[in-house]
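Take a look at the structure below.
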Amino acid sequence: QVQLAESGGGLVQAGGSLRLSCAASGTFFTANVMAWYRQAPGNERELVADSSLGGCTNYADSVKGRFTISRDNAKNTVSLQMNSLKPLDTGVYYCNVKGTRGWRSFDSWGQGTQVTVSS
């Protein structure tokens with residue numbers, strides 16, 4: 001079993017910055033893709049950014065140039081640096097990790113952390 005722990009959410013004014021962190025814990029697993037999703041009330045959960053083990057990254061169009069995803073493979077952590085935050089960035093942010101543990105695959109989600117951007 002791979003469990004995720006998120007931190008870094010909070011309240012910030014528009015134009016400010018926040019850094020979200022997620023730590024994956026478990027034994028004998030490989031995190032192939034680490035990602036951040038977000039969900040605002042009334043909206044579907046959407047991919048914000050992800051990062052593969054090979055170093056490829058992907059960003060939602062709405063956050064390109066403002067957010068940066070990074071991972072530390074030695075520590076099995078992934079972070080999301082969010083700059084120039086806008087009220088539309090408000091939502092619950094979820095860490096997601098897909099990978100393998102032994103011969104089995106896994107898809108783990110964190111409990112979510114609230115990000116609120118005020119005008």
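The disulfide bond (SG atoms under 2.5 Å apart) pairs that include a residue from residues 32-83 number zero, where partners must be two or more places apart or lie in different chains.
Residues V92 and Y37 have side chains not in contact (no heavy-atom distance under 4.5 Å, counting atoms from C-beta outward). Side-chain contact between S17 and Q81 is present, with at least one heavy-atom pair separated by less than 4.5 Å. Side-chain contact between R71 and L53: present, with at least one pair of heavy atoms (C-beta onward) separated by less than 4.5 Å. Counting heavy atoms from C-beta on, the side chains of R19 and S79 come closer than 4.5 Å. Side-chain contact between W109 and C95 is absent, with no heavy atoms from C-beta onward closer than 4.5 Å.
The two residues M82 and V115 make their nearest non-hydrogen contact at CE-CG2, 4.0 Å. The heavy-atom pair separating A49 from Y59 by the smallest distance is CB-CD2, 3.6 Å. Minimum heavy-atom separation, A35 to L47: CB-CD1, 3.9 Å. Annotation for T90 and A40: closest pair O-CB, 3.7 Å, computed over non-hydrogen atoms.
For the side-chain hydrogen bond (donor to acceptor under 3.5 Å, both in side chains) test, no residue two or more places apart in sequence or in another chain qualifies with T57.
Taking OG of S25 as the reference point, atom CD of Q3 lies at 5.5 Å (rounded to 0.5 Å). Taking CG from L80 and OH from Y93, the interatomic distance works out to 7.5 Å, rounded to the nearest 0.5 Å. Residue S84 holds its OG atom at 9.5 Å from CG of D89, rounded to the nearest 0.5 Å. Here the CD-CD distance, from E46 to Q39, works out to 9.5 Å after rounding to the nearest 0.5 Å. Expressed to the nearest 0.5 Å, how far CG of N96 lies from SG of C22 amounts to 9.0 Å. With rounding to the nearest 0.5 angstrom, the CZ atom of R38 is 9.5 Å from the CG atom of N43.
The aromatic rings of F106 and F29 sit perpendicular, their planes meeting at an angle over 60°, well past the 30° parallel limit.
Linking ILVMFWY residues whenever their side-chain heavy atoms come closer than 4.5 Å, directly or via other members, leaves V33 and V78 in distinct clusters.
At least one donor-acceptor pair under 3.5 Å links the side chain of S108 to the backbone N or O of V2.
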**OP:** Would you check, one step at a time, whether the test side chain to side chain contact (heavy atoms under 4.5 Å, CB included) holds for Y94 with L20?
**Re:** CA-CA 10 Å; Y94 297 90; L20 306 182; over 6 Å; no

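Checking R101 against T27 by side-chain atom types alone, a donor-acceptor pair falls below 3.5 Å. With 3.5 Å as the limit, one finds a donor-acceptor pair spanning the side chains of T116 and Q114.
Under the 4.0 Å criterion applied to side-chain N and carboxylate O atoms, K64 and D61 are assigned as salt-bridge partners.
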